[in-house]
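Reading through the C-alpha cells given below for one structure.
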2 protein chains.
Amino acid sequence: MTTMQDVATRAGVSAKTVSRVFNDDPNVSPETRERVQEALAALNYRPNMLARRFREGRDSAIGIAVPNIGDPFFATIIRSIEDRAVERGMVVFVTTLGQDATNEPARVERLMRRQISGMLIAPVSNDQSYLEQWGDETPIVFIDREPINFAADSVVVDDEAMARVATAHLIDQGHRRIGFVGDTTSLVTTRKRLDGYRAALQLAGIEPDDSLVSLDGSLLVFGYRSPADAVAQASALLSVDDPPTALFSSNAQCSMGLVRALHSLGRTELGFVSFGDFPMADALTPAVTVIDQNAEGLAELAGNVLFDAIDAPATRATPSVHSLPLHLIPRGSGEIAPASV
Amino acid sequence: MTTMQDVATRAGVSAKTVSRVFNDDPNVSPETRERVQEALAALNYRPNMLARRFREGRDSAIGIAVPNIGDPFFATIIRSIEDRAVERGMVVFVTTLGQDATNEPARVERLMRRQISGMLIAPVSNDQSYLEQWGDETPIVFIDREPINFAADSVVVDDEAMARVATAHLIDQGHRRIGFVGDTTSLVTTRKRLDGYRAALQLAGIEPDDSLVSLDGSLLVFGYRSPADAVAQASALLSVDDPPTALFSSNAQCSMGLVRALHSLGRTELGFVSFGDFPMADALTPAVTVIDQNAEGLAELAGNVLFDAIDAPATRATPSVHSLPLHLIPRGSGEIAPASV
DNA sequence: TTGAAAGCGGTACCAC
DNA sequence: GTGGTACCGCTTTCAA
C-alpha cells in the first residue's frame, strides 16, 4: 500500500506537505501542490483509514442493534439512520439481538468496544446496566423501548395509550370478548400494551378474562415456528369457554403468524387489530386494521437525538424520553360486527 | 481512557508485559501475571481497538451492500451473514444502495476504504469496474447478481430457467395470454427473467406480445409510489386488447404492490406467479404461487465463499459463478383456470 | 521471564 | 510555505 511517505519521496517533499495537499490545506505553493498531486495520482495513493482513525481516537461510525432486521419496522429504522449517517460521512454497523435476551450484552458490547461515535439500541433484555461502563464515552440512544437500569435518552411511543385505542376500537364495534396475543411480558412494551388493553376493557365495564390472553412464546409460535404450530395455538385460543369474537395482537410479528393461522382456520370474520403495520396487511381479506408504528418518524427523531448528542459532547444531561404519537389505521378487520350471540 | 502504559505503571512492569498478560502469552511468571491482572481490573483496562487494528493493518469487519434492507430477501441475507461474522469475532457494516445505480460506487467505496476483511454486494448498477482498485486487497463476493466489468466470485440463481418454470406453470394451467411485470431491463436479472418468460411462451407455441409486458418503472410504481398509481398501472395492463388472464411478476417488491392493486381492482381471479416469496403471500386469497428465492441458501453459500476467500489470502483464482437451484411453491394463485374465452 | 526500542501511517505543533 | 519531530496505543524484535 502506498503511504504518504512514498508519495513524498516521489514528489521530493516531506510527508507533512503531502498531508497538507491531500487535506486541502491552503498553505502550499501552487507548484508544490501540483507536483504532489501528480505523485498522488501516479502512485494511486489512498489514505490508511485505520491510521487516521487511530490518530483521531474515535471511529466515525454508528452502531445499530435491533431484535430482528427482517422486521420491516426495524429495517426502516436502519435505512433511515444509515441515510443520515452517510450524509455525515459516517458508516453504520448493524447487529441483530434475536429474541433471546442473553445475546444482547455481547452483541452490543462488541460494537461499543470499537470506539464508535454513537449507538442506537432497540433492546430485548430487561437490564442495560452492562452499558454503564460505555455510556460516558459514547452517546447511546434507545429506540422503541426505554433502557432499564441505565440512564440514556430514548425515543418511544405511548404503548399503553395506543393499546387502549386499539382495544377501544374493537369495543366500539360491539365486541365484548376480546383476546390479547403478545410476546413475553418480560418485555416492557408487551406489559404496557397489556395494561392498555385491560384499561380499555375496564373503562367499558368489561371484566378482563385471562383465559383470553395468550402470552409468553406467542411470538415464537406465531413469528418463527411452523404454520401448524400457529394454527394449533390460535385454535386453542378460540376454543375457550365463551370464546373471543375479536383479537388484539400486540406486535406485528405475532400478527403476521396469527393472521395466517386465522386464514387457515377460516376465521377471518373475527375482529382484529394489530399493534404495528406489516407488509400486505392492506391487501388481505379483510384488510387488517393496525396501529401504525411510524418507524420513519421514530427513526428521524432518534437520529436527531443521537446526532445532536454526538455533536454536543459531554452534555449528557438527565436523560429524556421522547414519545411519538401514533395513529390507528382502520382497514376493515376491526370494523366487522361480531356474530350476534 | 486507560492505556497499557497506565496499567504497566501501576503494576510496576513494562507495557510489553501488560500486553503479554492481556493476550495470554504463557511467558510470564505467575506472580507478575497476578500483579498485572490486579492492575488491569483495578483500572478497568479496555484495549484501544483503533490502535490494535491500525497495527494489524486490516479491520476484522465485513461490509454488506444491498439494494434495500426492507426487502425480506436481503434482510435474511444480512442476518445470516451477521451470524457467521459474529462467530468469527467480526462485525458487519451495512449499506443501502437504493434503486438508483449512481449511488452504488460511493456507498460501496465508503466501506472498501476502511480496509475491511471482505465485502458482499448485491449490486444495482451495471458496471462494477470501480472495484478494480479494491479487488486485489479485499475479497469481494457478489450475491443475487453477477458483477459486470469486474472479476469476482458470485452466488446467484438461474434466473432464466426459473422464469421459464414460472411461466410454464401458468401455461400448464391453460393460460395463453400471460403478462410480464418487472423492473427496468437495465438490471441483468430482469433481462434474464424476461428471456425465460419469452422462451417458455415460444416453447408452448405462444407468440410473445410486448403489449403484455410492463417494464421500466414498474418497481417504482408497484413498490414505492402510492397505491393509486399502482392500481392505475395494473388497470392499464389489464385493459389492452385481448387482455392477459395471468401475470408473472419478476420480483417480490413488484409482486407486493401488484397483488395489492389486483385486490383493489377485484381481479384476484387472474393467474399469478411471483419470482420471489414475500410476507403473507401464503395468507392471501388466493395464496400467491411463488418461486422461492431461498435467501437462506444463497446467504450460506455466499458466506462460505466469502469467508474462504478471507481465510485463503491471495488465492484470487479465476472467479467462479455459484448457482443455486430454486423451487416453485404452488399455492393457488397459479392454479386458477382462466375464464373461458 | 522481562524490558527497551522501533515502527505501523497520519497529523499537530513548532521551527525555519 | 515547508520540514522536522513527536506522538496516538499497541505489538514485534531483539537484547538482557
Side-chain angles (χ1 to χ4, degrees), chain A residues 1-40 43-61 89 112-117 134 137-138 313, chain B residues 1-40 43-61 89 112-117 134 137-138 313:
Chain A
M1 223 180 96
T2 323
T3 70
M4 277 196 171
Q5 187 52 59
D6 297 336
V7 177
T9 306
R10 180 183 169 109
V13 296
S14 77
K16 179 65 219 184
T17 301
V18 176
S19 172
R20 277 194 261 263
V21 172
F22 192 77
N23 294 298
D24 292 322
D25 184 314
N27 291 328
V28 182
S29 74
E31 309 84 61
T32 312
R33 178 180 301 280
E34 176 138 0
R35 214 145 29 88
V36 171
Q37 270 164 344
E38 186 276 330
L40 283 169
L43 297 175
N44 185 27
Y45 171 77
R46 279 176 278 124
N48 182 328
M49 301 297 279
L50 300 175
R52 196 189 279 220
R53 287 204 297 278
F54 166 49
R55 191 107 223 321
E56 286 164 0
R58 193 138 287 274
D59 193 349
S60 65
M112 297 303 293
R113 251 196 299 277
R114 299 178 63 104
Q115 291 152 270
I116 54 180
S117 299
W134 305 104
E137 20 188 81
T138 309
Chain B
M1 221 181 96
T2 325
T3 70
M4 277 194 172
Q5 186 53 59
D6 297 335
V7 177
T9 306
R10 181 184 168 107
V13 296
S14 77
K16 177 64 218 182
T17 301
V18 176
S19 171
R20 277 192 261 261
V21 171
F22 192 77
N23 295 298
D24 292 323
D25 184 313
N27 291 328
V28 182
S29 74
E31 310 82 61
T32 311
R33 178 180 302 279
E34 175 139 359
R35 214 144 29 88
V36 171
Q37 271 164 342
E38 186 276 330
L40 283 169
L43 297 175
N44 186 26
Y45 171 77
R46 278 175 280 125
N48 181 327
M49 301 298 280
L50 300 175
R52 197 186 275 218
R53 287 204 297 279
F54 166 50
R55 193 104 220 329
E56 286 163 1
R58 192 138 288 274
D59 194 349
S60 65
M112 298 302 293
R113 253 196 298 278
R114 298 179 63 104
Q115 291 151 271
I116 54 180
S117 299
W134 305 105
E137 15 188 87
T138 309

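Residue numbering restarts at 1 for every chain, and letters A, B, ... go by the order of the sequence lines.
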Rounded to the nearest angstrom, tell me the gap between atom [atom1] in [X] and atom [atom2] in [N].
X	N	atom1	atom2	value
B/F54	D/dC8	CZ	P	13 Å
B/R52	D/dC8	CZ	P	18 Å
B/R58	C/dG9	CZ	C1'	15 Å
B/R35	C/dT1	CZ	P	15 Å
A/D24	D/dG1	CG	C1'	16 Å

query = For B/R35 and B/T32, what are the C-alpha separation, side-chain angles and deciding distance, and is it a side chain to side chain contact (heavy atoms under 4.5 Å, CB included)?
reply = CA-CA 5 Å; B/R35 214 144 29 88; B/T32 311; 4.1 Å; yes

request  = Could you identify which residues of residues 4-22 of chain A place a heavy atom less than 4.0 Å from some atom of DNA chain C, listed by residue number, or say none?
outcome  = A/M4, A/K16, A/S19

5' precedence on DNA chain C between B/R33 and A/Y45 (nearest-nucleotide basis) = B/R33

Checking contacts here: which listed nucleotide ([options]) is nearest the side-chain heavy atoms of [X]?
X	options	result
A/N23	C/dG9, C/dT11, D/dC10	C/dT11
A/S29	C/dG9, D/dT2, D/dT12	D/dT2
B/T32	C/dT11, C/dT1, D/dG9	C/dT1
A/R55	D/dT2, C/dG9, C/dT1	C/dG9

request  = Determine, step by step, whether B/R46 and A/E137 satisfy the side chain to side chain contact (heavy atoms under 4.5 Å, CB included) criterion, reporting the C-alpha distance in whole Å, the side-chain angles of both residues, the deciding distance to 0.1 Å, and the verdict.
outcome  = CA-CA 13 Å; B/R46 278 175 280 125; A/E137 20 188 81; 3.7 Å; yes

key: Non-neighbouring partners of A/E34 that pass side chain to side chain contact (heavy atoms under 4.5 Å, CB included), sequence neighbours left out   = none

message = With side chain to side chain contact (heavy atoms under 4.5 Å, CB included) as the criterion, how do A/N44 and A/T2 come out once you've worked through the C-alpha distance, each side chain's angles and the decisive distance to 0.1 Å?
response = CA-CA 7 Å; A/N44 185 27; A/T2 323; 5.5 Å; no

request  = Please report the C-alpha distance between B/D59 and A/R114 in whole Å, then the side-chain angles of each, then the deciding distance to 0.1 Å, and finally whether the salt bridge (Lys or Arg N to Asp or Glu O under 4.0 Å) criterion is met.
outcome  = CA-CA 11 Å; B/D59 194 349; A/R114 299 178 63 104; 2.7 Å; yes

note = With five pairs defining each end axis, the helix from C/dT1-D/dA16 to C/dC16-D/dG1 comes out bent, to 10°, by 40°

query = If you look at every heavy atom in A/Q115 and B/N48, which pair is closest and at what distance?
reply =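 Closest pair (atom of A/Q115, atom of B/N48, distance): OE1-OD1, 3.2 Å.
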
inquiry  = Testing the basics here: between B/A39 and B/A11, what is the closest heavy-atom pair and its distance to 0.1 Å?
reply    =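 The answer is CB-CB, 3.9 Å.
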
ask   = Angle class for the B/F22/B/Y45 ring planes (parallel below 30°, perpendicular above 60°, tilted otherwise)?
value = perpendicular

query = Is the distance from OP1 or OP2 of D/dC10 to the nearest side-chain N or O of B/N48 less than 4.0 Å?
reply =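 No, because none of the side-chain N or O atoms of B/N48 sits under 4.0 Å from OP1 or OP2 of D/dC10.
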
request  = Might you work through the side chain to side chain contact (heavy atoms under 4.5 Å, CB included) test for B/V18 and B/Q5, ending with a clear yes or no?
outcome  = CA-CA 8 Å; B/V18 176; B/Q5 186 53 59; over 6 Å; no

